Amino acid sequence: MSTLISAVVALPLGLALGLFENKITRFFRPLFTALTGLPPVIAGVVVFMLFSNNGIMGGLKWLYSAKVIIIAQVLIVLPIITSQIYPAVEPIRESYLLNCYGLRMKKSQIILQLLKEVSFSVLAATLAGFGRAIAEVGAVMMVGGNIRFKTRVMTSAIVLETNKGNYTMALRLGMILIVISLILSFATIYAGRRGSHD
Amino acid sequence: MISLKNLTLNIKGEYLFSIEDYTFEAGKKILLVGDNGTGKSSLMKCLINHFPFMEGEIISRGEIVYQPQEPYLFQRTVRDNLKLSGMTRQEMEEGLKELYAEDILDKRVRVLSGGQRQKTALLRSISKATDVLLLDEPFSQMDEKSTIVSQRLVDQWHREKADRVLVMISHDVELLEMDFHEKIILKDRAFFVEKLNEL
Ligand SMILES: Nc1ncnc2c1ncn2[C@@H]1O[C@H](COP(=O)(O)OP(=O)(O)OP(=O)(O)O)[C@@H](O)[C@H]1O
Ligand SMILES: [Mg+2]
């Protein structure tokens, strides 16, 4: 869910950062790249402060609900996806735009076609973002707590089972997570490779 | 028709050339020649308003289609590219066949050879162009027989309407059999026009 939201926001953002060359994009490109290195816990702290009772958004009483988890995860995932899309656009920008203008293509057509040009990078970026989202535990537990059927996710469940001393269960969950992560990693690499060879 | 008035190309202090007054007249075929780095490609980019280091006035009538020196082919196949510029299936097949490239229709553009890329780009440009066509070294990587057929295709395009304008950059002038009306020469940081054939 958070990955989907992030991808929807990151897509136009990444394309715009790659397509336009001006002061704004020159400022935001390194910013988004820097944000990918941010420890996820920081995102947790920020969201926690925003939504805690004294925070600006405290009135919403969203803390310890699925909504804040999504918000925290978007904060973590968005830069990851964005910062993987714009580098795919940047190297082809000059030549691509020159050809599009040369062929009298409409603006909407130029953007739509660009999406096709970098579609594999977009897929790879989204998978990478999703992998990061399901692997996250610190920020999620901080803002979401670990409430059964509500805000408990794979990783927080593992933490809980481990704390209970129920190592077999924790290991089983861990195995499932590893398998999901591995599948995602292979999918990401595969998508990336298709993108660079096609 | 494209008119240039007091055009000066000056790239960050590197002066290329200037043109006081020149018109690419309706109905004409114009050849643009000059050594490497004299500014041929730059001049073409000026004509479609895509060159930042330029001063002066450009007035144009009609829609300009421009094929860069290094055409960018879109994902994913040759067919996709030809479809994008509105060609029918039959036109694609016939066009490629004439250019000795009937086997590339469903090839991915990444695997095309240099000449095959240029053939794809040329068909795409010709089918898209209605008034003015600018071609930057369109045959530079084609073999001799393909170059000759390509010229025929370009000529055919030009003849379809009386006021069509063709501007073409080329280095291998000895291969050209196109009866240009004028030749523009860029040399020693200057712009010369040579009349070849009357319209
Ligand atoms: N965007 C740019 N920034 C800096 N210099 C440029 C730019 N565009 C062109 N130039 C310079 O302008 C000069 C002319 O380039 P141009 O591509 O127009 O040459 P050309 O006549 O087409 O050469 P060729 O026959 O090799 O294609 C070159 O010295 C080139 O380095
Ligand atoms: Mg050139």
Side-chain angles (χ1 to χ4, degrees), chain A residues 7 11-12 14-16 18-26 84-127 188-198, chain B residues 41-52 60 62-87 106-112 117-118 120-138 167-169:
Chain A
L11 192 60
L15 292 182
L19 211 49
F20 298 108
E21 178 64 49
N22 55 39
K23 274 192 193 121
I24 301 168
T25 57
R26 271 197 293 276
Q84 284 194 26
I85 293 178
Y86 79 76
V89 179
E90 242 186 324
I92 63 168
R93 177 187 59 218
E94 284 283 329
S95 167
Y96 176 76
L97 287 179
L98 192 62
N99 269 270
C100 290
Y101 288 134
L103 287 169
R104 302 278 121 193
M105 282 163 65
K106 292 194 212 74
K107 278 213 176 78
S108 56
Q109 216 181 352
I110 295 178
I111 291 168
L112 206 72
Q113 185 61 38
L114 180 63
L115 211 61
K116 284 187 199 154
E117 300 299 311
V118 298
S119 59
F120 284 112
S121 303
V122 170
L123 185 64
T126 308
L127 287 171
T188 310
I189 293 167
Y190 179 70
R193 204 179 279 156
R194 288 280 300 269
S196 60
H197 284 261
D198 241 39
Chain B
S41 298
S42 303
L43 176 57
M44 271 201 179
K45 287 179 197 165
C46 288
L47 301 184
I48 59 154
N49 251 317
H50 215 262
F51 196 73
S60 64
E63 192 181 80
I64 304 174
V65 163
Y66 157 70
Q67 178 180 322
Q69 191 162 2
E70 271 163 29
Y72 181 100
L73 299 183
F74 301 115
Q75 294 288 346
R76 188 165 177 229
T77 62
V78 172
R79 187 193 293 275
D80 294 334
N81 279 270
L82 301 183
K83 204 154 53 183
L84 220 71
S85 62
M87 288 174 83
D106 284 303
K107 276 201 176 182
R108 280 171 294 137
V109 296
R110 288 281 169 103
V111 304
L112 293 182
R117 294 181 67 85
Q118 286 193 328
T120 307
L122 187 69
L123 287 177
R124 192 175 74 170
S125 305
I126 287 180
S127 83
K128 188 79 197 175
T130 52
D131 307 313
V132 181
L133 179 57
L134 313 178
L135 299 172
D136 193 341
E137 300 195 33
V167 185
M168 194 172 105
I169 299 176

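Here the structure is a predicted model, which means the values were calculated and not measured. Only this structure's heavy atoms are used, side chains among them; waters, hydrogens and symmetry mates stay out. Letters A, B, ... mirror the listed sequences (proteins, then strands); counts begin at 1.
B/L133 is listed as a side-chain neighbour of B/S125, based on a closest heavy-atom distance under 4.5 Å.
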Side chain to side chain contact (heavy atoms under 4.5 Å, CB included) between A/L11 and A/L115: does it pass, once the steps are laid out? CA-CA 9 Å; A/L11 192 60; A/L115 211 61; 3.8 Å; yes
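With a 4.5 angstrom heavy-atom cutoff, B/Q67 does not touch chain A via any of its atoms.
Interface remark: of the candidates B/D80, B/I48, B/V65, B/I64, B/I64 forms the most heavy-atom pairs closer than 4.5 Å to chain A. For the set A/L97, A/L98, A/N99, the count of heavy-atom pairs under 4.5 angstrom toward chain B peaks at A/N99.
Residues satisfying the ring pair (Phe, Tyr, Trp, His ring centres under 6.0 Å) test with B/F74, not counting sequence neighbours, are A/Y96, B/Y72.
With hydrogens and angles disregarded, a donor-acceptor distance shorter than 3.5 Å links the side chain of A/T25 to the backbone of A/F20.
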